[in-house]
Each structure stands twice: as structure tokens, then as C-alpha cells.
Amino acid sequence: MSGWRPETAVTMQGSATLDRVRRGRLCTGCGGCAAVSDKIRITRTEDGFNRPVATEKLTRQEDRHIARICPGLGMRTETDRKSDPLWGRVRSAWTGHAAGAELRFRAASGGALSAVLVHLVESGKVDYVLHTGADPDDPSGNRTVASRSRAAIATSAGSRYAPSSPLAVIEEHLRSGQRFAFVGKPCDVAALRAMARRDARIDAQVPYMLSFFCAGVPSRKGAAEILRRMGVDEQDVNTFRYRGDGWPGSATATLRDGSQHRMGYRESWGDILSKHVQFRCKICPDGSGTFADVVCGDAWHGDASGYPVFDEADGQSLILARTVRGEALVKAVIAADLLKTDSVRLDQITAMQPGQTKRMRNLLARLAALWITAQPSPRYRGFKLLRVAREASPFTLLRNFLGTGSRVLLGRR
């Protein structure tokens, strides 16, 4: 398949930083290290994740640079008294959807993010949008694409629950001299912000960084399992959508003969993909795009127990503006009649995003298990983890502590 190389020929001995990331299984797969040095390439491992491999020894300067930007090793955010413990700095929050019915239907959760991207290119605020789309040579895989039109943005709309490494190609786009918006996983945006502290081109050429609520990156083995349960041979697949064409939409494999096989979101994500999420995502404090200008997600409706209801409905997005620039952007999209919105309070988001809430409350206990077992672990600064942990029950915290510790000791991360 396109881009696949087994990670067996070369080890991480060329970089102390990458070796620490490997030992702790802390890699997010963002590709930032490959942007730092051409001695690093991103490969797909036999586990089905994107990982860096050093082809030769890095200089001490290169190694230190990678350590400063790697989101797997840590994240640093700035918070103040007004910052919400769970959701961080938020200037404005809305629920809403793309004004166009076609884009709303096509996208994963109401099309708000896609509507913002359309406005950016059609208003001339950027020359193009750099984001993730399906790989035509590997239908359930991803590639980084540059979209310059509404049609191109719509083509790549919808969640892609597979590894992606958009920062691996960021250097070639910076060399172009053009202005572009960047859309990536929260960890991708965190790394790009860190890179911007040392590279002035980024702030000059990337005026907008956008993200989405992320529940973790599944291995490519997850997609393979979906196809297996569908009774589909991967070689027969022409296109594959993880979500979209409705809300939440179905995983859809379109075969070369034109036939389609579908699987509901409750089964595709809940029963399969969520079980293939990489370890680093389970100890992440930033599933809600803390470092982005604007972040969008699902405005889920919950049942009596608070679990999201995945019955098909008209898509509804959750939209957070985290910066002054992001707030102005969303308001411009609303004024251009590309986005229909209603204001929402931060305390209402907890019910819309119970998975994010649960992970944040349990995070400190999981990290404590790594510390006490002397495992390499990320360093998070600015996140109010202790305050959030107090909202969880002692039993839940103990269960997460013991669960993480046992996985580490048994080598099952």
C-alpha cells in the first residue's frame, strides 16, 4: 500500500529524544520531527501507526529542537483565572451548522469547520487550506492536501479516523511563500505553535490554525477490522468514508464495482476504532484543541445516562473560538451567511462532550501510574489537571491508576 514501510531496518539510535518517545510510546504521529530534520522519515509501523525513523544520527541541535516541539513529550499552554478547567481559554462558544444543506450533510458534524474553511479561501484571507483528506491510492488511509476551492474542501469533509502526519510536509508549504490555514489534530496544532516560537515564517504565513475535538488516533488495523466485519476485501475498495453523509453518518466502503457496504457509527467507532487508539492519546490533556484559533466538534445529544445518542439527525457542530483572531473569524463567517449558530454556555459543553470530560478528569491518575512505574511520560504545563481530577470519584481515579499501571507492567500499552 501507498506509504507503508515496516519499522524494522532502522532504530531510534540516531536521536535520544526520539528514543525516549519510542520507549514511552508517546508519539502522536504529527510529523513535526520530520520537518525539523531531513534525516527523519515518517513510516507506517506494523502496528498501523505513523512513526518517525532516524536514518542517521541527529546533531545535538536537531535533537534539542525536536524535544522543544514534540507534543508527545509535553505541551505548554497559558491559562488564567478566567480559563475554564476543562475547556481552557474560550472567548466565545456556539452550536451551529453550515448554512448550505449539502455541506452540512457531507461533513461529519454539521459542517461548521468546513464552512469556516470555505470562507477563508473565498474571502481571500488565505491562498489555500492545508488539511487531511483520503489517499486515493489507499482509500482508508490519509494524505495531506491543499484545498483552494469550496469543491475541494467539500471533497475532504468528514472525519478521517486513521493516522495522519501533516507537519511532515509543512516545510515545503512554508517555502512556497503563500499564506495558508492549517487544520490538524490538537497535537498537530500544539506542535506547530511550538515551531512558530523558533520560525517566524509560521506566524507570517499561517494566519489561522484550526482543529477539531479528538478522541484519539486509531491504528490502521481499526479500518481493516471494519472492512473485515463488512465482509469486504480491502483490495476491492475504491473509496472509504469513516463518517459523514449524515450525522453521525456511517462508515461507508464503496467498491470498484459500485456497490456499497455500510456500518453505523456506534459499531464502527464504539466497538472497533476506539479500541485501536494509540496509547499517547489516552494520556492527552488536549482533546479539545487548546492551541487552535477555532476548534469544532460534535454537539452530541445525550441519553438519560449522559451517553451520546447516535441516531441519525441533522448535523450539529460545537464551535469554540479560543483567540481574538479566531473569534473575529467565526463572526465573519456568520456575517457572510455561511454559518448558522446559537450561543452556548461552557457548562453545557460537558453534556455534549462526555468522553472528553471523562478523560480529563481521569488524566492525573493515569499520569501518576506512569510516574510511579518510572516510565517516560509527557510534561504538561498550564493545564488544570488537579482541579479537574477533584471532580472525579476516588474509586474512578483508583481504577484508572491501577488500570494504567497494570498495562504498563504487562507491556500492553
Side-chain angles (χ1 to χ4, degrees), residues 28-30 32 69 71-72 74-79 83-96 107-117 120 129-132 157 159-161 164 166-167 181-196 202 206-217 277 280-300 317-330 333 339 341 344 346 349-350 352-360 363 378 380-385 388:
T28 70
C30 70
I69 70 164
M75 295 177 173
R76 183 183 69 192
T77 186
E78 295 180 4
T79 55
S83 299
D84 187 85
L86 273 171
W87 311 116
R89 293 189 300 173
V90 178
R91 294 189 60 85
S92 297
W94 304 267
T95 56
S109 56
L113 181 56
S114 296
V116 172
L117 301 183
L120 284 172
V129 173
L130 190 68
H131 57 150
T132 297
S159 298
R160 299 292 304 174
Y161 295 128
S164 60
L167 295 182
F182 177 83
V183 184
K185 304 181 298 296
C187 54
D188 301 334
V189 178
L192 189 58
R193 291 287 188 199
M195 294 169 69
I202 295 174
V206 190
Y208 299 98
M209 299 185 193
L210 305 102
S211 192
F212 40 82
F213 279 61
C214 178
V217 178
V277 168
R280 171 58 179 76
C281 298
K282 298 175 183 179
I283 53 170
C284 181
D286 189 31
S288 60
T290 300
F291 299 89
D293 293 300
V294 177
V295 58
C296 299
D298 291 282
W300 294 119
S317 299
L318 172 62
I319 310 153
L320 304 184
R322 295 195 174 278
T323 64
V324 172
R325 179 173 291 186
E327 184 178 45
L329 172 60
V330 175
V333 181
L339 193 58
T341 61
V344 65
L346 292 186
I349 300 176
T350 301
M352 297 177 186
Q353 287 286 331
Q356 298 290 348
T357 302
K358 180 179 178 181
R359 181 171 59 185
M360 281 293 286
L363 180 55
Y380 301 132
R381 288 175 285 183
F383 296 92
K384 301 179 181 181
L385 301 184
V388 174

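Just so it is clear, the structure is predicted and the values come from calculations on it, not from any experiment.
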Value rounded to 0.5 Å, distance of [atom1] in [X] from [atom2] in [Y]:
| X | Y | atom1 | atom2 | result |
| --- | --- | --- | --- | --- |
| Arg322 | Ser92 | CZ | OG | 12.0 Å |
| Phe383 | Thr77 | CZ | OG1 | 5.0 Å |
| Leu318 | Ile349 | CG | CD1 | 5.0 Å |
| Leu86 | Arg359 | CG | CZ | 12.0 Å |
| Met209 | Leu192 | CE | CG | 4.0 Å |
| Met195 | Leu167 | CE | CG | 6.0 Å |

Non-hydrogen atoms of [X] and [Y] that approach each other most closely:
| X | Y | value |
| --- | --- | --- |
| Ala191 | Cys30 | CB-SG, 4.1 Å |
| Val277 | Gly216 | CG1-CA, 3.7 Å |
| Asp188 | Pro166 | OD2-CG, 3.4 Å |
| Ile319 | Gly96 | CD1-N, 4.3 Å |
| Trp300 | Gln353 | CD1-NE2, 4.1 Å |

> Which residues satisfy the salt bridge (Lys or Arg N to Asp or Glu O under 4.0 Å) test with Arg193, sequence neighbours excluded?
Replying inline: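 Expected list: Asp293.
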Would you indicate whether the side-chain heavy atoms of [Y] and [X] approach each other to under 4.5 Å?
| X | Y | result |
| --- | --- | --- |
| Val294 | Tyr208 | no |
| Lys185 | Phe212 | yes |
| Val129 | Leu210 | no |
| Pro285 | Leu385 | yes |
| Asp298 | Phe213 | no |
| Val90 | Leu346 | yes |
| Trp87 | Thr357 | yes |
| Met75 | Thr290 | no |

Using modelled atom types and a 3.5 Å cut-off, is there a donor and acceptor pairing between side-chain atoms of [X] and backbone atoms of [Y]?
| X | Y | result |
| --- | --- | --- |
| Arg280 | Gly29 | no |
| Ser211 | Gly184 | yes |
| Gln356 | Cys214 | yes |
| Lys384 | Ser83 | yes |

>> Could you go through Thr341 and Val333, starting from their C-alpha distance and side-chain angles, then the distance that decides it, and tell me whether this counts as side-chain contact (heavy atoms from CB on, under 4.5 Å)?
In response: CA-CA 10 Å; Thr341 61; Val333 181; over 6 Å; no
> Which residue pairs pass the salt bridge (Lys or Arg N to Asp or Glu O under 4.0 Å) test with at least one member in residues 83-92, sequence neighbours excluded?
Replying inline: Arg91-Glu327
Please table the atom pairs, donor to acceptor, closer than 3.5 Å between any side-chain atom in residues 109-117 and protein atoms at least two apart or in another chain.
none

